[in-house]
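Counting convention: from 1, in listed order, for ligands and their atoms alike.
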Amino acid sequence: MTDNATPAVQAAPEGPAFRDRMAEVASAVHVVTTIGEKGRAGLTATAVASVSDAPPTVLVCIEGASRTLAAIVANGVFCINTLTGEQQELAEIFASRRGIDGEARFASAGWDALTTGAPALQGAVACFDCRLQGVHQAATHRILIGEVVGMRGRAGSSGLIYRRRRFESV
Ligand SMILES: Cc1cc2nc3c(=O)[nH]c(=O)nc-3n(C[C@H](O)[C@H](O)[C@H](O)COP(=O)(O)O)c2cc1C
């Protein structure tokens, strides 16, 4: 028996129902970048998490067809740039929503480098510069594990979240 305070369990959920449920969960928004022989690449990602602090280790999940995924695997380095509430347009650009690809995605913001050379966003909430430690396949995605070898941050800034298929500044 269920009541209003106890939602029913949805057994064996399929893709659309799973996506709708996940859409209720607020996520921080990041731009994950890399650099190598073929230049700079990057994408917008919310599937980012801290793994360990000894040594500092993070993960990011990227869909198998992403061009940035191929570039990160080839380059062995990536930088997770966590966006402020004012950087929503950058999230749109790096999510392929403005018809801008490759190097041109970097034109509308300031970038420099920390330890690995991967693009670090000026004015980001945080930049976690990583060496790729492992790649694991999971369903349609790859889980990239990175050891954080450089870091930069800003205190007191707003953050950008994605929830209910919309960006919000918090
Ligand atoms: C809010 C938001 C979050 C996203 N999070 C991810 C993510 O965590 N992993 C992923 O593979 N794609 C994610 N995407 C989709 C990629 O940004 C998108 O597929 C992008 O076009 C990939 O570009 P690329 O092929 O140049 O790498 C997200 C898109 C949006 C709008």
Side-chain angles (χ1 to χ4, degrees), residues 13 15-52 57-109 111 113 116-121 123-148 157-170:
F18 171 74
R19 286 199 297 275
D20 287 348
R21 190 59 43 218
M22 286 302 295
E24 293 296 317
V25 179
S27 303
V29 182
H30 317 264
V31 167
V32 182
T33 61
T34 188
I35 193 165
E37 279 181 7
K38 293 183 182 166
R40 297 186 286 184
L43 89 169
T44 297
T46 51
V48 169
S50 168
V51 173
S52 175
T57 302
V58 293
L59 66 78
V60 53
C61 302
I62 303 184
E63 204 269 330
S66 157
R67 295 157 292 189
T68 306
L69 171 66
I72 292 173
V73 171
N75 299 339
V77 297
F78 63 94
C79 186
I80 295 170
N81 299 280
T82 307
L83 301 186
T84 69
E86 292 74 47
Q87 292 169 327
Q88 177 178 333
E89 182 58 20
L90 211 55
E92 304 275 17
I93 290 169
F94 278 85
S96 307
R97 292 177 169 184
R98 296 289 185 263
I100 302 171
D101 285 328
E103 177 65 31
R105 289 184 179 174
F106 292 84
S108 61
W111 304 86
T116 70
L121 175 61
V125 173
C127 303
F128 301 98
D129 190 27
C130 301
R131 289 197 203 290
L132 183 63
Q133 291 295 343
V135 182
H136 304 274
Q137 179 143 14
T140 54
H141 281 53
R142 303 288 186 288
I143 304 168
L144 306 184
I145 309 290
E147 180 176 346
V148 180
S157 56
S158 62
L160 187 66
I161 63 160
Y162 196 67
R163 186 173 66 144
R164 298 183 185 137
R165 302 184 171 95
R166 293 168 59 98
F167 291 104
E168 284 175 49
S169 177
V170 294

Protein heavy-atom partner closest to atom 11 (O) of ligand 1 - residue, atom, separation in Å | E63 N, 2.8 Å
Okay, side chain of T84, backbone of V125: is any donor-acceptor separation there less than 3.5 Å?
-> no
Answer yes or no: is there a donor N or O on one side and an acceptor on the other, between the side chain of R142 and the main chain of L69, under 3.5 Å?
-> no
Atoms of ligand 1, numbered as shown, that sit under 4.0 Å from any heavy atom of F94 = 17 (O), 20 (C)
Any idea which part of R163 is under 4.0 Å from ligand 1, heavy-atom wise: side chain, backbone, both or neither?
-> neither
Taking only heavy atoms of Y162 into account, list the atoms of ligand 1 that are under 4.0 Å away from them.
-> 1 (C)
In this structure, atom 26 (O) of ligand 1 is nearest to the protein heavy atom R105 NH1, 3.0 Å
Record the part of C61 in heavy-atom contact with ligand 1 below 4.0 Å; permitted values are side chain, backbone, both and neither.
-> backbone
Is atom 21 (O) of ligand 1 less than 4.0 angstrom from some protein heavy atom?
-> yes
A student checking ligand 1 against S96 at a 4.0 Å heavy-atom cut-off should list atoms 20 (C), 21 (O), 23 (O)
No-hydrogen, no-angle side-chain donor-acceptor test under 3.5 Å, E86 and S169 | no
So do the side chains of R40 and R105 get within less than 4.5 Å of each other, counting heavy atoms only?
-> no
Show which atoms of ligand 1 fall inside a sub-4.0 Å distance from at least one heavy-atom site of R97.
-> 31 (C)
Quick one: does I35's side chain get under 4.5 Å of W111's, heavy atoms only?
-> no
For the side chain to side chain contact (heavy atoms under 4.5 Å, CB included) test, which of L132, T68, T116, V73 pairs with F78?
-> L132
When you measure from atom 18 (C) of ligand 1 to every protein heavy atom, which one gives the shortest distance, and what is it?
-> A95 O, 4.0 Å
Side-chain touch V31/L121, heavy atoms, less than 4.5 angstrom = no
What residue and atom, counting heavy atoms only, is the protein's closest point to atom 5 (N) of ligand 1, and at what distance?
-> T46 N, 3.1 Å
Cationic N near anionic O, under 4.0 Å, E24 to R163 | no
For atom 28 (C) of ligand 1, what is the nearest protein heavy atom, given as residue, atom name and distance?
-> T44 O, 3.4 Å
At the 4.0 Å heavy-atom cut-off, does V29 count as touching ligand 1?
-> no
Which atoms of ligand 1 are found less than 4.0 Å from any heavy atom of A45?
-> 4 (C), 5 (N), 6 (C), 7 (C), 8 (O)
Take atom CZ in R21; do more than 12 heavy atoms of anything else shown fall under 6.0 Å from it?
-> no
Output yes when the distance from some N or O of ligand 1 to some N or O of A47 is under 3.5 Å, and no in every other case.
-> yes
Are any of the N or O atoms of T68 closer than 3.5 Å to those of ligand 1?
-> yes
May I ask you to identify, for E92, whether its side chain, its backbone, both or neither come under 4.0 Å of ligand 1 on a heavy-atom basis?
-> neither
T33 versus F106: any side-chain heavy-atom pair under 4.5 Å?
-> yes
Answer yes or no: is there a side-chain heavy-atom contact under 4.5 Å between T82 and H30?
-> yes
